[in-house]
Amino acid sequence: MMSTPTFPQGGLPEALGMRVTDEGEGWIEMAMPLGPIHMRPGEYRGIHAGTAVSLADTACGFGCRSSLPETATAFITIELKSNLLSSAERGELLCRAEAIHLGRTTQVWQATVTSSESGKKVAVFQCTQLVIYPKP
């Protein structure tokens, strides 16, 4: 496992304002402030479903990155599932991701996204990551 994980900057996580707030062995917490870019278009107010899913997927990915076996070089998401339970309009989305399987070839992570304003669960998420090794 990596002793001091570094997380990539840029891309979608940076554009959406995601940041790591805490981490430990087999878990990570992230937050994302909500603004107009995170909202769905149209009359029904609240976050776009992709907002919560993107935060959860990023947290699980960063957690996986921190938990890769020593000789692994990368990972890719091969399956994901989410349930959207409520919405949010203001404040931040908070996410805690935890490993439920840290295997040699796959990792399975689950995440819960909550609203900082209401304290309600916004989404639950689970994904499977394929661990990648160098070619012999």
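Hydrogens, waters and symmetry mates are skipped; everything else that's a heavy atom, side chains included, is used. Small disclaimer: the values here were computed from a predicted structure and weren't measured.
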For the hydrophobic clusters of this structure (ILVMFWY residues joined by side-chain heavy atoms under 4.5 Å, transitively), does one cluster hold both F62 and V113?
->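 The answer is yes; both residues are in one hydrophobic cluster.
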
Is there a chain of hydrophobic side chains (I, L, V, M, F, W, Y, each step under 4.5 Å between heavy atoms) that links L12 to V20?
->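 Linked, L12 and V20 end up in one cluster.
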
Side chain to side chain donor-acceptor pair (under 3.5 Å), paired with R19, selected from E29, E14, E92 |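 Among E29, E14, E92, the one meeting side chain to side chain donor-acceptor pair (under 3.5 Å) with R19 is E92.
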
With a 4.5 Å cut-off on side-chain heavy atoms, are [Y] and [X] touching?
{"X": "R104", "Y": "V131", "value": "no"}
{"X": "T112", "Y": "E98", "value": "no"}
{"X": "L68", "Y": "F75", "value": "yes"}
{"X": "W109", "Y": "S67", "value": "yes"}
{"X": "V108", "Y": "Q126", "value": "yes"}
{"X": "H38", "Y": "P33", "value": "no"}
{"X": "Q129", "Y": "I78", "value": "no"}

Which heavy-atom pair separates [X] from [Y] by the least distance, and what is that distance?
{"X": "L93", "Y": "S115", "result": "CD2-CA, 4.5 Å"}
{"X": "A52", "Y": "I47", "result": "CB-CD1, 4.0 Å"}
{"X": "V122", "Y": "S87", "result": "CG2-O, 4.3 Å"}
{"X": "I28", "Y": "A59", "result": "CG2-O, 3.2 Å"}

Looking at [atom1] of [X] and [atom2] of [Y], how far apart are the two atoms once the value is rounded to the nearest 0.5 Å?
{"X": "L80", "Y": "D57", "atom1": "CG", "atom2": "CG", "answer": "6.0 Å"}
{"X": "R45", "Y": "R40", "atom1": "CZ", "atom2": "CZ", "answer": "10.0 Å"}
{"X": "E23", "Y": "R96", "atom1": "CD", "atom2": "CZ", "answer": "11.5 Å"}
{"X": "K81", "Y": "Q110", "atom1": "NZ", "atom2": "CD", "answer": "12.5 Å"}
{"X": "H48", "Y": "M39", "atom1": "NE2", "atom2": "CE", "answer": "11.5 Å"}
{"X": "I76", "Y": "L130", "atom1": "CD1", "atom2": "CG", "answer": "5.0 Å"}

Among all residues two or more places apart in sequence or in another chain, which pass the side chain to side chain contact (heavy atoms under 4.5 Å, CB included) test with M18?
->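 By the side chain to side chain contact (heavy atoms under 4.5 Å, CB included) rule, M18 matches P13, L16, M30, M32, S54, L55, T58.
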
For I100, look at atom CD1 and say whether over 12 heavy atoms of other residues, nucleotides or ligands are found less than 6.0 Å away.
->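 Atom CD1 in I100 is packed in, count exceeds 12.
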
